[in-house]
Amino acid sequence: MDASGQDVLTVPVGNMLLRAEFARVGGDLIIRGSGEHAGQSISITSYFSQQSPPELQTAGGARIPADLATRLAGPEHPGMVAAAATGTTDASGIGTVDSINGEAFIVRGGIKITASKGMVLHEGDIIETGANGSVGLVYADDTTISLGSGGRMVIEEMSYDPAAGLGKSSTNVVQGTFSFVSGGVGKLGADAMVFKTPVASIGIRGTTVAGSAGAEGTENTITLMPDADGGIGSISVSNAAGTQVLTQPNQTTTITSSFSAPSKPFVMSAAQVAQKYGAAIQMRPAPPAKNADEAADGEGEGEGEGDPEGEGEGEGEGEGEG
């Protein structure tokens, strides 16, 4: 495929795009398939020679913006950053790896490194998990995040200055099940913290969320969950076709394509939430530092599979119906 003069390129074999390895070879972008697409590749000539490289999309409406494709491809000549990635203290870091189950990796500067507890995170890091892996992260603003098996996410931006009341956070989940509790940045305004998937963006206002970024043609789901203290925030789920705002416990929307609007919200049962996101929810780190005592009480009850069917759901449904 030739990127010259293109704004959008529709790439064949949609599942391959979301799971593939991206590489930069001169001015070209090479997309190499994995899993069922192992051995297949797509070459997009002159991709990095364009002043504004084209957005990549699948026929089913999953999107990989040019800046994300560039991050996934990494530099043409990967730097030797393995030593830096294994450090546990770094003033320039924007978070840390809190917990790991199975295989998890960080791709930085084109180098893929096995993740370890305490590893410092940086803007631009790509987080990947194996088929039976999961990982829990803590950002500098105390946002806690988990990524389930077979997942891939990119930390696009993370800055936080609590003294000045400034901050910005952007995370792109390309593939996999995830959950997060927003920290300080999520309280700064509707546009301060955003999570993205290939079919939608999630605007955050201080809250707990679980979601699944699915493969081509499958439903992506986003669910607003009760916080550990029983409170409820709100999120907006948007793409070019429309927006839905979720404000009730376990309220959910589904999206299959960036060409179609998020579905009308519906409320999942606690059992459905546990079945859909249970592993990611359990892997999500407890909120750190000043909220540790509260988290010990709330997380112990709220994140176990038993509580969502008990106290958490009871309080949430009462608020929703009222």
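Fair warning: this is a prediction, and the values are worked out from it, not measured in the lab.
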Under 6.0 Å from the [atom1] atom of [X], do we count more than 12 heavy atoms belonging to anything else shown?
{"X": "E103", "atom1": "CD", "value": "no"}
{"X": "E55", "atom1": "CD", "value": "yes"}
{"X": "Q40", "atom1": "CD", "value": "yes"}

Side chains of [X] and [Y]: donor-acceptor distance under 3.5 Å anywhere?
{"X": "T254", "Y": "S263", "result": "yes"}
{"X": "Y139", "Y": "T144", "result": "no"}
{"X": "S179", "Y": "R284", "result": "yes"}

Is there a chain of hydrophobic side chains (I, L, V, M, F, W, Y, each step under 4.5 Å between heavy atoms) that links [X] to [Y]?
{"X": "I31", "Y": "L9", "answer": "yes"}
{"X": "V138", "Y": "M153", "answer": "no"}
{"X": "V11", "Y": "V174", "answer": "yes"}
{"X": "I127", "Y": "I113", "answer": "yes"}

For residues 201-211, the side chain to side chain donor-acceptor pair (under 3.5 Å) pairs (sequence neighbours left out) are T208-D227
Could you list the donor-acceptor pairs under 3.5 angstrom formed by side chains in residues 66-75, with sequence neighbours left out?
residue : atom : partner : partner atom : Å
T70     : OG1  : A66     : O            : 2.8
R71     : NH2  : E156    : O            : 3.1

Which other residues end up in the same hydrophobic cluster as I30, if Ile, Leu, Val, Met, Phe, Trp and Tyr are linked when side-chain heavy atoms come under 4.5 Å apart? V25
Evaluate the criterion side-chain contact (heavy atoms from CB on, under 4.5 Å) for residue pair L56 and F22; output intermediate values, then yes/no. CA-CA 12 Å; L56 307 179; F22 287 55; 4.1 Å; yes
Would you call E128 and R152 a salt bridge, taking side-chain N to carboxylate O under 4.0 Å as the test? yes
Before giving the answer on side-chain contact (heavy atoms from CB on, under 4.5 Å), spell out for M119 and I106 the whole-Å C-alpha distance, their side-chain angles and the decisive distance to 0.1 Å. CA-CA 9 Å; M119 185 178 287; I106 292 177; 3.1 Å; yes
At their closest point, which heavy atom of A23 faces which heavy atom of R32, and how far apart are they? CB-NH1, 3.3 Å
To the nearest 0.5 Å, how far apart are CD in E219 and OG1 in T253? 9.5 Å
Let's go through Q6 and Y47 carefully: what are the C-alpha distance in whole Å and the side-chain angles of both, what is the deciding distance for side-chain contact (heavy atoms from CB on, under 4.5 Å) to 0.1 Å, and is it a yes or a no? CA-CA 9 Å; Q6 303 293 319; Y47 188 84; over 6 Å; no
Pi-cation contact, F48 with R24 (under 6.0 Å, within 45°): yes
Within the side chain of D141, is there an N or O that forms a donor-acceptor pair under 3.5 Å with the backbone of V185? yes
Checking Q248 against F266 for the side-chain contact (heavy atoms from CB on, under 4.5 Å) test, could you report, in this order, the C-alpha distance in whole Å, the side-chain angles of both residues, the deciding distance, and whether it holds? CA-CA 9 Å; Q248 298 180 38; F266 60 95; over 6 Å; no
